[in-house]
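Presented below is the structure to which this report refers.
Each ligand, and each atom within it, is numbered from 1 in the order the structure gives. Quick caveat: nothing in here was measured; it's all calculated off a predicted structure.
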Amino acid sequence: MRIKKMDHIAIAVKDLQGSIARWVKALGMVAGEVEDLPERGVRLCKIKAPGSPALELISPLGEDSTVARFLSDHGEGIHHFCFEVQDIEKSLEQMKRGGVPLIHERPVSGAGGSRIAFIHPRSFNGVLIELVEKK
Ligand code: ZN
């Protein structure tokens with residue numbers, strides 16, 4: 001399996017609008033559109049900085065969201081790293097064959113019409129990893 005690049009680092013936040021304003025104002029970064037992903041239970045906004053992976057600010061859409069659980073267990077902070085791959089199905093297949101515990105064995109819908117899958121944090125030193133195949 002081959003990674004194209006690191007796509008983004010996601011940060012779980014309680015107050016999305018307030019957080020966007022701070023990142024943009026303090027660091028001069030550029031905020032993208034706010035997007036709701038009801039199937040994932042998240043509202044998110046990509047914050048872009050030249051030449052580096054985006055930051056993805058994520059907040060829960062409801063109490064049963066995994067991000068709501070993350071916030072109550074850990075508080076705000078780094079939630080996952082995301083790597084872009086060419087062929088997500090093939091990547092998942094290879095990881096599965098290699099005995100890597102996956103959260104999603106098949107891709108699910110992600111931001112901006114992408115297809116994504118999460119890999120269990122116990123596979124990578126306690127860090128939740130997302131793979132994305134862009135549209
Ligand atoms: Zn992500």
Side-chain angles (χ1 to χ4, degrees):
M1 126 159 211
R2 190 167 290 160
I3 298 294
K4 283 172 86 176
K5 64 176 170 75
M6 180 182 264
D7 186 71
H8 63 265
I9 297 164
I11 301 170
V13 304
K14 290 176 185 159
D15 168 18
L16 187 64
Q17 288 302 339
S19 303
I20 293 168
R22 276 196 307 280
W23 284 94
V24 168
K25 196 173 167 203
L27 296 171
M29 295 169 99
V30 179
E33 299 284 303
V34 172
E35 185 177 351
D36 282 358
L37 289 179
E39 327 82 80
R40 308 274 83 75
V42 296
R43 171 169 290 163
L44 61 88
C45 180
K46 290 252 167 76
I47 309 278
K48 291 159 198 145
S52 45
L55 297 179
E56 181 182 74
L57 303 181
I58 55 175
S59 63
L61 272 180
E63 288 301 303
D64 56 346
S65 163
T66 56
V67 179
R69 276 205 301 280
F70 179 91
L71 285 169
S72 80
D73 291 351
H74 307 276
E76 294 186 307
I78 293 176
H79 183 267
H80 64 265
F81 289 173
C82 178
F83 296 103
E84 185 180 355
V85 295
Q86 193 89 49
D87 183 337
I88 195 165
E89 255 123 14
K90 208 165 140 191
S91 302
L92 290 170
E93 188 91 356
Q94 286 174 2
M95 287 183 135
K96 204 177 156 186
R97 271 206 309 274
V100 176
L102 307 173
I103 292 174
H104 298 121
E105 298 206 343
R106 316 270 318 141
V108 296
S109 58
S114 63
R115 298 193 308 147
I116 62 160
F118 281 95
I119 315 302
H120 200 282
R122 75 172 173 266
S123 312
F124 295 109
N125 310 96
V127 179
L128 179 63
I129 298 291
E130 177 185 23
L131 300 181
V132 63
E133 182 186 314
K134 298 268 176 81
K135 206 162 93 173

If you look at every heavy atom in A68 and G62, which pair is closest and at what distance?
CB-O, 3.5 Å
Nearest heavy-atom pair of K14 and S59: which atoms, and what distance?
O-CB, 4.3 Å
In a table with atom names and distances, give each donor-acceptor pair under 3.5 Å that connects a side chain of residues 5-13 to protein atoms at least two apart or in another chain.
{"unit_1": "K5", "atom_1": "NZ", "unit_2": "D7", "atom_2": "OD1", "d": "3.3"}
{"unit_1": "K5", "atom_1": "NZ", "unit_2": "E84", "atom_2": "OE1", "d": "3.4"}
{"unit_1": "D7", "atom_1": "OD1", "unit_2": "K134", "atom_2": "NZ", "d": "2.6"}
{"unit_1": "H8", "atom_1": "NE2", "unit_2": "E56", "atom_2": "OE1", "d": "3.2"}
{"unit_1": "H8", "atom_1": "NE2", "unit_2": "E56", "atom_2": "OE2", "d": "3.3"}
{"unit_1": "H8", "atom_1": "NE2", "unit_2": "H80", "atom_2": "NE2", "d": "3.4"}
{"unit_1": "H8", "atom_1": "NE2", "unit_2": "E130", "atom_2": "OE1", "d": "3.0"}

Under the ring-ring contact (aromatic ring centres under 6.0 Å, His included) rule, what pairs show up with a residue in residues 32-77, not counting sequence neighbours?
F70-H74, F70-H79
At less than 2.8 Å, how many protein N/O/S atoms surround the Zn ion (ligand 1)? Leave waters out.
4
On a heavy-atom basis, the closest approach of C45 and A31 is SG-CB, 4.1 Å
For residues 91-106, dump all side-chain donor-acceptor pairs below 3.5 Å to protein atoms at least two apart in sequence or in another chain.
{"unit_1": "S91", "atom_1": "OG", "unit_2": "D87", "atom_2": "O", "d": "2.9"}
{"unit_1": "Q94", "atom_1": "OE1", "unit_2": "M1", "atom_2": "N", "d": "2.6"}
{"unit_1": "K96", "atom_1": "NZ", "unit_2": "E105", "atom_2": "OE1", "d": "3.0"}
{"unit_1": "H104", "atom_1": "ND1", "unit_2": "F118", "atom_2": "N", "d": "3.1"}

